[in-house]
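Note sheet for the following structure.
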Amino acid sequence: GDEAGSGASGARDQIKVVGSSTLYPFTTAVAEKFVTNNPRFKAAVVESTGTGAGMKLFCAGVGANHPDIENASRRIKKSEFEDCQKNGVKDIVEIQIGIDGLALIEAKNGPKMALTTADIYKAIAANPYGKPNTAKTWKDVNPALPAVAIQVYGPPSTSGTRDSLAELILEKGCDANPEMKALKSQDADKHKDICTKVREDGAYIESGENDNLIVQKLTANPNAIGVLGYSFLEENLASVTGVKINNVAPTYATIADFSYPGARALYIYVKGAHLNAIPGLKEFLGEYASAWNPDGYLAKRGLIASPDAVRAANAEVATKLTFMNGSDLK
Amino acid sequence: MSKAMTVEAPLPTIRAARKPTDWKTDAMQRRITRRYAAERRFKLMGLGAVLISVAFLAFLLITMLGNGARGFTQTEIRLPVDFPRAAMILDPAALKGPHAEVALATADIEGATTAAAVAAFGPAGADYISDSAWLKVRDAIRDDPSVLARKVEIDVPAATAIDLAAKGKGEPPAEAIYKRLNVEGRVSTGFNATFLTSADSTDPTRVGIWGALKGSLLTMFVTLLLAFPVGVLAAIYLEEYAPRNRWTDLIEVSINNLAAVPSIIFGLLGLAVFLNFMHLPRSAALVGGTTLALMTMPVIVIAGRNAIKSVPPSIRDAALGIGASPVQVVFHHVLPLALPGILTGTIIGMARALGETAPLLMIGMRAFIATPPGGIADPATVLPVQIFLWSDEVSRGFVEKTSAAIIVLLVFLLTMNGLAIYLRNKFEQRW
Amino acid sequence: MLALLFLVLGLGLIAWVTARMRAARFGGTGTARAHSLPAYHGWYVGLWTALPALIFLGIWATVSPGLITQAVLATPAAADLPAFGMERSAILSEARALANGSIQTAFNPQANALAPAYAQAITKYGVIGTILALVLAFAGGAYAFTRIKPDFRARTRVERLVMAALLVASLVAILTTVGIVASLLFESVRFFSMVSPVEFLFGTKWSPPASNMPASSGAFGAIPLFWGTIFIGAIIAMLVAIPLGLMSAIYLTQYAKPSTRSWMKPILEILAGVPTVVYGYFAALTVAPALRDFAVSIGISGASSESALAAGIVMGVMIIPFVSSMADDSIAAVPQAMRDGSLAMGATPSETIRKVLLPAALPGVVGGVLLAVSRAIGETMIVVMAAGLAANMTANPFASVTTVTTQIVQLLTGDQEFDSAKTLAAFALGLVLFVITLLLNIVALRVVKKYREAYE
Amino acid sequence: MEQMTEKSKMTARNVSVFYGDKRAIDNVSIDVDMENVTAFIGPSGCGKSTFLRTLNRMNDTVASARVEGEITLDGEDIYASSMDVVQLRARVGMVFQKPNPFPKSIYENVAYGPRIHGLASNKADMDVIVEQSLRKAGLWDEVKDRLSDSGTALSGGQQQRLCIARAIAVDPEVILMDEPCSALDPIATAKIEELIHELRGRYAIVIVTHNMQQAARVSQRTAFFHLGNLVEYGETSEIFTNPRQERTKDYITGRYG
Amino acid sequence: MEQMTEKSKMTARNVSVFYGDKRAIDNVSIDVDMENVTAFIGPSGCGKSTFLRTLNRMNDTVASARVEGEITLDGEDIYASSMDVVQLRARVGMVFQKPNPFPKSIYENVAYGPRIHGLASNKADMDVIVEQSLRKAGLWDEVKDRLSDSGTALSGGQQQRLCIARAIAVDPEVILMDEPCSALDPIATAKIEELIHELRGRYAIVIVTHNMQQAARVSQRTAFFHLGNLVEYGETSEIFTNPRQERTKDYITGRYG
Ligand SMILES: Nc1ncnc2c1ncn2[C@@H]1O[C@H](COP(=O)(O)OP(=O)(O)OP(=O)(O)O)[C@@H](O)[C@H]1O
Ligand SMILES: Nc1ncnc2c1ncn2[C@@H]1O[C@H](COP(=O)(O)OP(=O)(O)OP(=O)(O)O)[C@@H](O)[C@H]1O
Ligand SMILES: [Mg+2]
Ligand SMILES: [Mg+2]
């Protein structure tokens, strides 16, 4: 479906969504609700490609062969935005649909740990504060903690959840040290390296995202800690509990107000050029906006609603369909 | 007659060096006992190997069956709905016209259903029924708009927790609720027809495999349409006509190699060529089928060549000898005789394609598709990918659905393999 | 269009019948008879009638929509179409759908205005196309028809076409291979411009940088992935598959009653028919937890529930029928005379198998095992679902290792930027996998072939 | 080699056959006529089959085979590019060592040749051809009630006669037989030999055999091959009683039964 | 059938062999002794091989085969349950139609039997056994310098002698040979025939052949089988010059070479 001239593959009557697996359950839920409420439209196709591959597809161009919506578990990057521009995807609507809580969890019969971001950083960073990590047990990290071997199941480096872990927890723990904070302005790369690199000697175990298996592993191995999306914690409250960080337990409320460190915003990006071309696309955004309230059905699936002001602002974007300008991207 | 050749050569020295073997000595008998013991051990090891392999298969099948059988059943709750009291803005007359769907969509049936559940089971009642329970209510209205004037009882799917409790896999609170409802006679567990007739959903009580199955069938259709003729023709060419030169060697090497290339690499090929280069529609059975066809074609070629090779050359000589042209020889004699073998190979190749997942992940068939595909260019997913997707789902209700989908897939595959074995045994010919 | 298609095919059929009838009238017997059967003349004329017209229709089907659209755009109704492509083409295609009646109402009101223009253009080009196709059909048919004479070699011509079709079919294999190599090579070259091949092939550290880290902080040493792949696919899986497969083959071919064999063998083959996603699910949910519990109960700490062992064992089971059928073939290929020779010396069956049959069949068995290995290391779903993601270089089967295929899936479906070294690495890994399996297969096929020839 | 007459049906002049680089037939000239049955004899591997197969270009199917020299049928060069192989083979029929009926019905076996050559315009014609061919092959009485049975269900000797019937059905001029009896039991062999007697005169017949008694029984002319050479060719009676070449004599008196 | 003597090494009494329901050998009684080489002749498929293989129970390997009647070796019933098949086969060795050396070295080929039966306690003993066996088989001089070459690298005749050496190495009492020369050229055949002469008297030898000249050359007694029946059994000279049965005569005078 390139130029109007060819016209052969002109249009599509089905919304196409690609992108992050984190948003997959939310967007599919909206998609499903959308057709049951609007039977005249066809069901959307939601593909879980991962944010990066999805962004690539999204930015590849406009036309029936390219998706309309990108699910992103992080903000679009400057480079990706430029890629979009280059391929003619000029107008993009950016909507923050809610928050995904990153939660540290342990088995119900676990050691009931309470950690700080610095503890976590020191336990799983590759080179805490620039020195190789030798900690074997939590006690080595912080004498107040039990002498339990450090075993953390967490997202792999390919996943967006991992980015959040680095950004929202490790970096904060790292910056607790003033020297590191200072380093940030001197040598940003080195700071990143020291602060966000995760150890690879077995204490941190990369596991798949969205994986029920982590929960099962934790019940089987009560001394381990898991890092995963808040929705898993909620779904499995019978067998696992949240680990307090800086004395805050992961709950809906603490994540929503960002007091639990580990919350990240989730976005969808919509192609402006498709808004008029794809039947139902606008209505779909409306459905999304109506679903992301704290009492909406997305909450049941583990989405944490954004603060009221953010929701209102984004609801406006979703109805007015204002395009982003991308100047504040990194 | 001819005794002339007799040569007396007794080799006396050597004969003396060796005494005749006495097989009756103790040592010899012991040795034999030992050898027979070794023989029995070896045989037992062989039997053991077979039994272990079969046991593993049985274990796998039984596990799947045990988990999956539950996926075919669904617990339903008899929900009393008092329509007149529900105050829905729904005009029964509108349900007759062309705008019935819109009318149904705009009425807040969901709210009414939730309210009915709360009214029937208390404040937590909404959690007893599945999120999609209201669809049943909607269907009930659509089927018979007159219910709107009455109070009726409608069987709606129970929430996953209750469903699991009904199947003995639940947690204590849900079990308590289930027991209560059971005493009241409000729950029943029956065959889940939805599972066989609907497509993917986010709600485990509403999911079905029909969408994926249809996707699989469409994909297989494309695969068969491409791979079978190409495979058979290529097999004929290579086996019957190809001159021996570097080109045919190259073809031969590629085919043997393609048969062994990891399937995921075909996925990378499909991604690069069909999607990025040819811009065929993503997630479509067309692309999936074509990718799998490339994978299946070498299997068919190899099976086809073996089948063609096993047709005795004497048949070809006979036909050539009375003046049949090479093309006639093949199409009149060789191909009909080789067909059972070719079909067997095709079925096996198709069965493999039907069970294939990895390459399809690369070309976008890993998608949530809530309506069964209408054609080969529509977005579709296939059974194995559906299984993969469900195995990753958060909701616990998907566990049994995954196993149930596996059972469906296995039934198809085992049928196909069985058919292949049957064909092979029936038509296996030795000349 | 469809009607036209049938029209052309119908014409072809008519041509076939008439040419056949005409050729049948040539009659004659012995050396005076016509070169080819009437049916071949029929085919010759029929194909000449239908094929050029069909090819034209194929081309026309891709060209005419553009012509139609252009015609529509030239009309005044098209003047106020939005300038932008996607929306514009949406309206156009909706108008077309309205024009040919596949939809009743349009989302875009503008489409309604364009529909009549569309209908007109469609008719116009439809007529043009039909005329051209018919002219071609008649011209082709007439040309061919004038050529049929008793001594015309229609069969040779038709068979030449058949041969061409056969040749084209077999070229598909080469095209596929070229496609694979090209698609892998193109992205791999880009990858190797970012990461040195030496580091990639010999580096011992695999940690692709997280996206918020500078690219330089990661490491793309693929050795741990190769190790994991070999550990699971070539070591653990083979430790399961070789003894079980080989002994099963021996038992079934040498000891089992034919009746037992006839149902036991298909049952074993079912193991190969179970889809890998099912094995993966089984490995992840049933085998892995059980192994982990077992490891913990015997006091192995650090046992992972994504152990190499779970994936390896299940993969081994999947490979059993593969090994056993290769072994079966190899043993069967040893001439019966060898077996008779040994038995006639007073050897027991097991002695015969171990000392004569197996050594003789060894090259075949080895070749089969190599093929099995190549299949195991390319297997994806089992390891994606049941093996870990941690790039460990460990020989502890209860620990978690990762494999090439797992990483390919992970890299291509992760949340990272697509053009980063990370996603490109997937193609480089694919290339390595391709090369390795290619080599394994070449070697294996050589071994098997050479050895087969030894007895033929 | 001097008996070349004008009435020859087929003539071979200075024919050499190569398999790749290996010469299997070296410079052989021979004539075949309608009146006499010609037998090719010689030890195994001497090239009898190879030479026989050059006479109807069955060697074309062997990729490595190459023929030099000239072979004519009724004066036409059969290796000329104008010669249509398919028609050639219809005119020069072949019967093989192992009976090789098609796995089709007896009727279809015989009808196949006429059908592909368009020799019968309707079913009745075809019936006539099938019956006549089977009669000539001496098989009609044995199979007339079960024409729809599979050809492979016949006994070995019957199968071989079916193959002869099949060859006759396309109305050939020459029939080549490559050890047609070596897979048969003595009784079946006797029947085939009788048949060859009957067919003589109507077709030019060439038969390869490694059984000298058989050659003596059925043929009027015998060609003795050895290591690819035509050692001696002449009247059968003469060759067997009074061979001119030492090699022929050695072979005929056969230390090796 | 009346020559049954007390010195018989093996005796068969009323032996019938069935393959499934099909009777391949019908009520055959025969004696084999040490002094005479016994030849089994008869047309193809008459059951010669089948009967030969019952003598060392090689037919056990054919699932459908069933033997009735009594066969003894030194008076012991070889089909008795107390008979150990492994030992029986060591005592009654067998040489097959096609030479079938193992794909091992020449040495290992000969040493195989003694090794599995534990006939040599050390390498030196084994060397002796190998040398003696190869000498008896008349192969020693030809292979003594290349004992470690593969047995399959020898010529056909050498291979067959290697197989005989292999059979001799386990020190058997009877040697059964099933058309041992049919795959060999005349020179190799002559060598084997010579060897049989030499071995006579040391081993009871039974040889199956479809070559009557050969039977006449190597055997002292001949058994003529036809359609599973033992038609005639007696002195070779008598059978060939003065057959008592019509069937034997027909076969011997052989219209069919
Ligand atoms: N297809 C082939 N490729 C190469 N060499 C061949 C081929 N066919 C036959 N030969 C060789 O050509 C020579 C003549 O073979 P041919 O089959 O003509 O002998 P023959 O006289 O028919 O023997 P036999 O009596 O065993 O049938 C032999 O040396 C044989 O090995
Ligand atoms: N394994 C078997 N199963 C069934 N029938 C068999 C088997 N082996 C041989 N026969 C049949 O038994 C009969 C005797 O066969 P046998 O091999 O003993 O004959 P032969 O005299 O050795 O023939 P040849 O001279 O051809 O070797 C034949 O009819 C044969 O078809
Ligand atoms: Mg021959
Ligand atoms: Mg025999």
Side-chain angles (χ1 to χ4, degrees), chain A residues 1-2 9 12-18 21 24-50 53-54 56-57 60-61 63-67 208-213 215 228-229 231-232 234-239 297 300-302, chain B residues 99-106 108-110 127 131-132 134-135 138 160-161 170-174 199-203 206-207 211 271 275-276 278-284 361-374 377-381 389 391-396 398-399:
Chain A
D2 311 305
S9 54
R12 171 156 53 69
D13 52 3
Q14 230 169 356
I15 299 170
K16 272 202 164 185
V17 189
V18 294
S21 51
Y24 175 81
F26 308 139
T27 308
T28 49
V30 173
E32 193 167 50
K33 192 66 162 222
F34 179 64
V35 270
T36 44
N37 285 349
N38 303 281
R40 69 200 165 105
F41 295 119
K42 276 203 180 172
V45 173
V46 185
E47 194 184 331
S48 162
T49 61
K56 166 92 174 165
L57 290 167
N65 271 342
H66 304 287
E209 303 174 78
N210 275 18
D211 211 335
N212 286 317
L213 287 173
V215 173
L228 32 64
S231 48
F232 289 86
E234 196 172 54
E235 182 77 12
N236 293 284
L237 279 174
S239 46
Y297 54 84
K300 268 198 202 164
R301 294 178 192 269
Chain B
H99 298 291
E101 287 304 317
V102 179
L104 279 172
T106 45
D108 184 16
I109 300 175
E110 187 172 10
D127 293 341
D131 287 347
S132 52
W134 65 276
L135 292 171
R138 189 187 68 181
T160 300
E171 279 157 11
D200 199 5
S201 165
T202 58
D203 179 351
R206 216 184 130 189
V207 294
L271 175 65
L275 298 187
N276 293 344
M278 291 167 64
H279 297 295
L280 293 177
R282 211 179 148 79
S283 313
L361 297 182
M362 305 281 111
I363 54 169
M365 295 194 90
R366 179 190 192 171
F368 172 81
I369 293 156
T371 41
D378 286 352
T381 189
L389 283 173
S391 74
D392 237 13
E393 280 285 348
V394 182
S395 167
R396 294 213 305 135
F398 274 102
V399 173

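Below, each value reflects all heavy atoms present in this structure, side chains not excepted, and no hydrogens, waters or symmetry copies.
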Atom CG in B:Asp127, atom OG1 in B:Thr160: separation rounded to 0.5 Å? 11.5 Å
B:Leu135 portion near chain A, given a 4.5 angstrom heavy-atom threshold: side chain
Check for a donor-acceptor pair, side chain of B:Ser283 on one end and backbone N or O of B:Gly364 on the other, with a separation under 3.5 Å. yes
So which of A:Thr27, A:Thr28, A:Val18 has the largest heavy-atom pair count under 4.5 angstrom toward chain B? A:Thr28
Give, as side chain, backbone, both or neither, the part of A:Ala60 having an atom under 4.5 angstrom from any heavy atom of chain B. neither
Pick from A:Asn38, A:Thr36, A:Asn37: which one has the most heavy-atom pairs with chain B under 4.5 Å? A:Thr36
If you measure from CE on B:Met362 to OG1 on A:Thr49, what distance do you get to the nearest 0.5 Å? 11.0 Å
Would you call the rings of A:Phe41 and A:Phe34 parallel, tilted or perpendicular if under 30° counts as parallel and over 60° as perpendicular? parallel
Under the side chain to side chain contact (heavy atoms under 4.5 Å, CB included) rule, what do A:Tyr297 and A:Val30 come out as? Steps first, then yes or no, please. CA-CA 9 Å; A:Tyr297 54 84; A:Val30 173; 4.0 Å; yes
Under a 4.5 Å heavy-atom cut-off, does chain A meet the side chain of B:Leu389, its backbone, both or neither? side chain
